[in-house]
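This report refers to the structure that appears directly beneath it.
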2 protein chains.
Amino acid sequence: MRRTLLEAALSVLQHDGAAALTVRNITDRAGCSTTGIYTHFGGKHGLVEAIFLDGFESFDESLTPHYHSGDLAEAGRAYRRWALANPTHYLVMFGRAVPDFEPSERAAQRAAVSFQFLVDAVADATTVPGDIDPPAAAYHLYATVHGYVMLELVGMGPADTGSLDELYENGLTRALRHRAEVGLELP
Amino acid sequence: MRRTLLEAALSVLQHDGAAALTVRNITDRAGCSTTGIYTHFGGKHGLVEAIFLDGFESFDESLTPHYHSGDLAEAGRAYRRWALANPTHYLVMFGRAVPDFEPSERAAQRAAVSFQFLVDAVADATTVPGDIDPPAAAYHLYATVHGYVMLELVGMGPADTGSLDELYENGLTRALRHRAEVGLELP
DNA sequence: CGACCATCTGTAACTAAGTTATGTCTATAA
DNA sequence: TTATAGACATAACTTAGTTACAGATGGTCG
């Protein structure tokens, strides 16, 4: 039942957006009464947290293969692909799309784990150890990519949306180009 | 009365967050009945749109002086200062913090005007015309700065929050460093 | 000057959403 | 076999966005 509710919630989120993520919408789709959310998640807050955590699981599944192959550029492309494929989910995780929801300490740590994967990947890609600070370089990459994606998701990209692919590729390349200054080797 | 309501809404937003931005909270603080929001703004949606527009006005007031003096780095610092001073306001404008709110065409154009100011500033700072594409360079700067600020606002910055100043400065400098490749002169 | 109309404003009610109290049922353990 | 804990439904409560309706206000035209 817990699994059914979570899947129903994700379905509502994907099809109708964060505003439609109501207790009754979810339980109607799951085929149970509103109580289910309280017995299994302790309330709507707990369910949103489950969505948050699930998002980072799915996220990592998309990115870690590219981390392991050392292809940070492709990881950056996969980041955007995931966000565009799950826009409302992304906004719940990063955009405070559900009012009153603040991730718990545990949820924040789960998000930090995803970031740590990136830090490790950057460290692995560093050819001259000591020349760069992997956390700082990773954070710059993370922030840049997140900024591009976030603007695109909320419709604040350029008027000519057709150019977004090219802009993103340009921004990603630029954010990855640490080598000349700080020793990060591009694949 | 319209002014009073808008100021009350901004006050609620600033002090109690986007989740507390309810019709009754606002009208109570403004000292009128709930109807006021409907006569003056057509509903909560219209009021949020007014908040959105007001945000970009205030935003521009903080940034354009630095644009005019040609100091893009200082403009970037002012960007973050504004966001940190008005975190909930920023999230309403850029983070979909109010569910169901999507800026109207007019509001989106107002946001585009703010971006155009940046494009112009980048164009002004370009010493070798033709070497860079001001919209693309401006968008990269915008996206990067936005990414840093957004992560910080939702609490997804580094565990050591004390390092955020330094990280931001580093990211800003990096995003501004177009010169070697594309001819944008740093002040 | 007075009647009229548009606009503003408050009261109260309606619908929907998050939550909780209460009771039933089932399954497991003593 | 009985008792208890957990899952589940029903129904109600509180709060939020919205609207219907009525009174009040203020400017305009005959």
Side-chain angles (χ1 to χ4, degrees), chain A residues 1-54 88-89 91-93 95-104 107, chain B residues 1-54 88-89 91-93 95-104 107:
Chain A
M1 189 77 242
R2 190 180 195 277
R3 189 85 213 151
T4 305
L5 277 167
L6 182 54
E7 278 164 12
L10 290 173
S11 171
V12 170
L13 191 58
Q14 177 117 23
H15 293 99
D16 303 322
L21 198 68
T22 71
V23 170
R24 284 169 179 81
N25 270 347
I26 297 165
T27 53
D28 283 356
R29 184 166 313 217
C32 70
S33 119
T34 58
T35 327
I37 288 182
Y38 293 86
T39 58
H40 292 287
F41 298 93
K44 190 188 179 185
H45 188 282
L47 190 145
V48 175
E49 177 138 322
I51 290 173
F52 182 94
L53 293 170
D54 177 88
T88 51
H89 205 155
L91 287 173
V92 168
M93 294 155 67
R96 290 272 183 282
V98 176
D100 261 340
F101 172 70
E102 182 126 14
S104 67
Chain B
M1 190 78 240
R2 190 180 195 278
R3 188 86 213 151
T4 306
L5 276 167
L6 181 55
E7 278 164 13
L10 290 173
S11 171
V12 170
L13 191 58
Q14 177 118 26
H15 292 98
D16 303 322
L21 198 69
T22 71
V23 169
R24 284 168 179 80
N25 268 347
I26 298 165
T27 53
D28 283 355
R29 184 167 311 217
C32 70
S33 118
T34 59
T35 326
I37 288 182
Y38 294 86
T39 58
H40 292 287
F41 298 94
K44 192 189 180 186
H45 187 282
L47 190 145
V48 175
E49 176 137 323
I51 290 174
F52 182 93
L53 293 170
D54 178 87
T88 50
H89 206 154
L91 286 174
V92 168
M93 294 156 67
R96 291 272 184 282
V98 176
D100 262 339
F101 172 70
E102 181 125 12
S104 68

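In the text below, chain A, chain B and the rest are named by the order of the sequence lines, each starting its count at 1.
- Under a 3.5 Å cut-off, the side chain of His89(B) and the backbone N or O of Ile51(B) do form a donor-acceptor pair.
- Across the protein-nucleic acid pair, Asp100(A) atom CG and dT14(D) atom C1' stand 15 Å apart, rounded to whole Å.
- Between the CG atom of Leu5(B) and the C1' atom of dT9(C) there is a distance of 11 Å, rounded to whole Å.
- Closest to the side chain of Thr35(A), out of dA9(D), dA12(C), dT20(C), is dA9(D).
- Nearest approach of Ala50(B) to Phe41(B), heavy atoms of both residues: CB-CE2, 3.7 Å.
- Among the atoms of the strands shown, only primed sugar atoms or phosphate atoms (P, OP1, OP2) are found under 4.0 Å from some heavy atom of Thr22(A).
- Closest-nucleotide positions on DNA chain D for Arg24(A) and His40(A) were compared, and the one nearer the 5' end corresponds to His40(A).
- Picking from dG18(C), dT9(C), dT18(D) the nucleotide with the shortest atom distance to the side chain of Met1(B) gives dT9(C).
- Using modelled atom types, one side-chain atom of Asn25(A) and one backbone atom of Ala20(A) make a donor-acceptor pair closer than 3.5 Å.
- Nucleotide dG17(D) holds its C1' atom 8 Å from the NZ atom of Lys44(B), rounded to whole Å.
- In this entry the distance linking CG of Asp16(B) with P of dA16(D) reads 12 Å, nearest Å.
- For the pair Ile26(B) CD1 and dT15(D) P, the computed distance is 17 Å after rounding to whole Å.
- Here the C1' atom of nucleotide dT19(C) and the CZ atom of Phe41(A) are 17 Å apart, to the nearest Å.
- The distance from atom CG of Leu21(B) to atom P of dT15(D) is 18 Å, rounded to the nearest whole Å.
- Across all non-hydrogen atoms, the minimal contact from Lys44(B) to Ile37(B) is N-CG2, 4.0 Å.
- His45(A) has no side-chain polar atom (N or O) that falls below the 4.0 Å cut-off from OP1 or OP2 of dG18(C).
- Not a single donor-acceptor contact under 3.5 angstrom links the side-chain atoms of Thr39(B) to the base of dT7(C).
- Atom CD1 of Ile37(B) is separated from atom C1' of dA16(D) by 11 Å (rounded to the nearest Å).
- When the options Thr88(B), Ile26(B), Asp16(B) are evaluated for a side-chain contact (heavy atoms from CB on, under 4.5 Å) with Leu21(B), the one that passes is Ile26(B).
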